[in-house]
There are 2 protein chains.
Amino acid sequence: MINQNRFKEKVTIDDVARLAGVSKSTVSFVLNNRPSISASTRDRVREVIRKLNYQPNQIARSLSSRQTRSIGLVVKQIDNPYFTKIMRGVFEYFSGCGYTVLLGSSELQPDREKSSIEALLRQRVDGLILSPLQGPDADMSHLSLILQNQVPLVLLEKVANVAANVVDIRNEGAAFEAVSYLIGLGHRRIAYYSGPDYSMHNRERLTGYRRAMMEHGLPFPASGVRQAGVYLEDGYAAAKTQFSMAGERPTAVFCFNDLVAIGVMNALMELGIRIPEDVSVIGFDDIEFCGSVRVPLSSIRVPAYEMGKAAADLLMQQIGKTDFVLRQTVELEATLMPRASCARADGRPAGGSQKKKHTGPAGPRTAGGMT
Amino acid sequence: MINQNRFKEKVTIDDVARLAGVSKSTVSFVLNNRPSISASTRDRVREVIRKLNYQPNQIARSLSSRQTRSIGLVVKQIDNPYFTKIMRGVFEYFSGCGYTVLLGSSELQPDREKSSIEALLRQRVDGLILSPLQGPDADMSHLSLILQNQVPLVLLEKVANVAANVVDIRNEGAAFEAVSYLIGLGHRRIAYYSGPDYSMHNRERLTGYRRAMMEHGLPFPASGVRQAGVYLEDGYAAAKTQFSMAGERPTAVFCFNDLVAIGVMNALMELGIRIPEDVSVIGFDDIEFCGSVRVPLSSIRVPAYEMGKAAADLLMQQIGKTDFVLRQTVELEATLMPRASCARADGRPAGGSQKKKHTGPAGPRTAGGMT
DNA sequence: ATTATTTGCTAAACCGATATAGCAAGATAT
DNA sequence: ATATCTTGCTATATCGGTTTAGCAAATAAT
């Protein structure tokens, strides 16, 4: 005897078929809206489905159809506001088209990135969105793993020598813009508080910084770049060290991201160094809190939510299409948002539109352009 | 002929069995570390697995074993720092024991909560962690849906009249503590900037606020509670409205969460109202940025990361155990973190340990007690 | 009227694992 | 030497769907 267990078993397609007096194929056809079913049987089957509150088993579906209707999203840090926005963009897109999002995160550790990817591939996701860790010595073996698995892939960071779909921003250009802005304010000694080595974003921002210094004929001594990190504490520690030392200090600091920048500001405040009169600070990402922080923080606006949507869209274009695999790069603009944390090198306020408004009335939280 | 497609098909258990010269049952036994396999065959099979780089199909596994080794996590807002910490806690726990986390979010809309849950149930998650929306008129039908589906459940908020596992904090007590603290500083006119009606957390905090006012013999007129919301913009708008009006204003504002509190601070600054001299502000959640905001924000520290871990742990205890279903409530402490945003009602600084330090050296980011 | 085509449905193979029953050979007990 | 138990493995049913081939009846074409 089947289905006579102690527990009420889940309703299956067979139950529906039996009660509707049709074959399970017919039920399957109804479920998938195939045309070759008469209106009368269709309605009858639907009625039974409703009555039994039947929910198709997606696992069984996945196994036989070879499509799981799920995708994997692997970020670097789950609780970083930048990735959080991306996650929301990706989630909203896919939940809108009946797909499930499986969460992965490397938490900045390469081995965890690998195991996250492997776990998602075992779950046979239909596609993967990945923000890859990559050092100069990068072991990109798991990337080829994905590619050889025929799983559609979209990266959230360019990877050298890998032909894949990418959604990214113009890091170098944005960094160039930020540093040029500082130079335009009269700053000469500008430090870059760098992110992790294994971040391509960091390397691109560093390049933009270097290029801006070079093109304006400014020196960038080794001390110009300080290894910070990605956390608030990292920026705090780096600034505390540099600005406690004797000697020539920078008059402006360009940071890998906003968290580092905020940490820097905290450290400077503690040391009695005024922002922006003594030191100007610029962050990156333009997270929600930039306008609310001690001194409103100048930052590079990164359309993270839109990046998530764009990556999802690009991925979706590939899912199901077996033969043609795109190799597309979508680059979104990232532009400077000047705020009160920057001033002229002599301490006078920066010109331009210094708006007093910190937070406008609740407008769209996700506006932003896309190229 | 099988496996002769144009595309290199994935390696299956049959391929391994054939190459190792054993039955697929044997391979399965080896995969699952069953004892009844001799060392020699075990090693031989393992060697073949390695050579073929065989990865078991988790979908097929799930179908036949009726365990997906995945769980669903449904939050209210993906990009809210509070949920973000919870997500990290949950993710770290489950990825540590080979489980996958499927992401869901209601984005504060009941219909989306329902569809998120349904999607996860279709994917046959082994368990569910849910932060439920619930109004006074709450339709908890999807909860019974989960329960009757025999899916282990852990809630991240108490739900009236529902016997389920819950990991939560002592909202009322914490709110009571915060408001009592303000009263102790001499404040009489204290406003509560409330969150959404459908949030049990909001209702509990409101109760704590009321009780504190009552027990200290203070009136709480209808105007004492202002409908704010959950976003920074909500707090901004609410404060802008209240503090632009003529008449008696509160000297202290207790907010549903930190985002609202930060919005309030922005609005007050704009109106030329000083914090904490003119108005004291307290938030809730103690998100990372509390210490970095305009005026360091007093807040209630909520161990969100630990809540995620605790919820995961509680859920894991139930997975697999068919007969015994726990009905456990874990309540974590949430305590006040006084910072510079509060002063005595007469404007003089609050006593106690006003530390100058904004951000200590990078210590453990996730410390916190658990009861 | 006969054949060809379409319509609407079913039977059965299949997806890739798990899990149970059972079988043969070797080890132990009687 | 025979009966009983282990040990180590295989055959096969099963999970709950999808999908293909095919069949019967209805419709259209010749």
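Per chain, numbering begins at 1; letters A, B, ... match sequence-line order.
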Tabulate below the donor-acceptor pairs under 3.5 Å that side-chain atoms of residues 157-164 of chain A make, not counting sequence neighbours, or state none.
residue   : atom : partner   : partner atom : Å
Glu157(A) : OE1  : Gln134(A) : NE2          : 2.9
Glu157(A) : OE1  : Met200(A) : N            : 3.1
Glu157(A) : OE2  : Lys76(A)  : NZ           : 2.6
Lys158(A) : NZ   : Asp168(A) : OD2          : 3.2
Lys158(A) : NZ   : Ile169(A) : O            : 3.4
Lys158(A) : NZ   : Glu204(A) : OE2          : 3.3
Lys158(A) : NZ   : Glu331(A) : OE2          : 3.3

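Over its length, the helix from dA1(C)-dT30(D) to dT30(C)-dA1(D) turns its helix axis by 40°, as judged from the five terminal pairs at each end, rounded to 10°.
The salt bridge (charged side-chain N to carboxylate O under 4.0 Å, His left out) analysis of residues 108-121 of chain A, with sequence neighbours excluded, yields the pairs Lys114(A)-Glu118(A). Sorted by first and then second residue, the side-chain hydrogen bond (donor to acceptor under 3.5 Å, both in side chains) pairs involving residues 34-45 of chain A (not counting sequence neighbours) are Ser38(A)-Ser40(A), Ser38(A)-Thr41(A).
At dC15(C), none of the side-chain N or O atoms of Asn57(B) fall inside 4.0 Å of OP1 or OP2 (strictly under the cut-off). Remark: Arg124(A) is not in phosphate contact with dG16(C), judged by side-chain N or O atoms under 4.0 Å from OP1 or OP2. The phosphate of dA17(C) has OP1 or OP2 within less than 4.0 Å of a side-chain N or O from Tyr54(B). Here Arg61(A) does not reach the OP1 or OP2 of dC15(C): none of its side-chain N or O atoms lies under 4.0 Å away.
The distance from atom CD of Gln123(A) to atom OG1 of Thr100(A), rounded to the nearest 0.5 Å, is 11.0 Å.
What you find for Val167(B) and Leu314(B) is that their closest heavy atoms are CG2-CD2, 4.0 Å. Considering every non-hydrogen atom in both Pro132(B) and Leu156(B), the closest pair reads CD-N, 4.3 Å.
The side chain to side chain donor-acceptor pair (under 3.5 Å) search around Asn80(B) returns none, not counting sequence neighbours. Shown here are the ring pair (Phe, Tyr, Trp, His ring centres under 6.0 Å) partners of Tyr99(B), two or more places apart in sequence or in another chain: Phe94(B). The side chain to side chain donor-acceptor pair (under 3.5 Å) check on Ser199(B) picks up nothing, with sequence neighbours excluded. Considering only residues two or more places apart in sequence or on other chains, Arg46(A) meets the salt bridge (Lys or Arg N to Asp or Glu O under 4.0 Å) condition with none of them. Residues passing the side chain to side chain donor-acceptor pair (under 3.5 Å) test with Arg50(B), sequence neighbours excluded: Glu47(B).
Within residues 35-48 of chain A, the residues having any heavy atom closer than 4.0 Å to DNA chain C are, in order of number, Ser36(A), Ile37(A), Ser38(A), Thr41(A). Remark: Lys24(B), Ser25(B), Ser28(B), Phe29(B) in residues 22-29 of chain B come within less than 4.0 Å of DNA chain C through at least one heavy atom.
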Sub-3.5 Å pairs of nitrogen or oxygen atoms, protein against nucleotides 25-28 of chain D:
none

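Between Ile37(B) and Thr26(B) there is a side-chain heavy-atom pair separated by less than 4.5 Å.
Formation of a donor-acceptor pair under 3.5 Å by the Asp79(B) side chain with backbone atoms of Lys85(A) is not found in this model.
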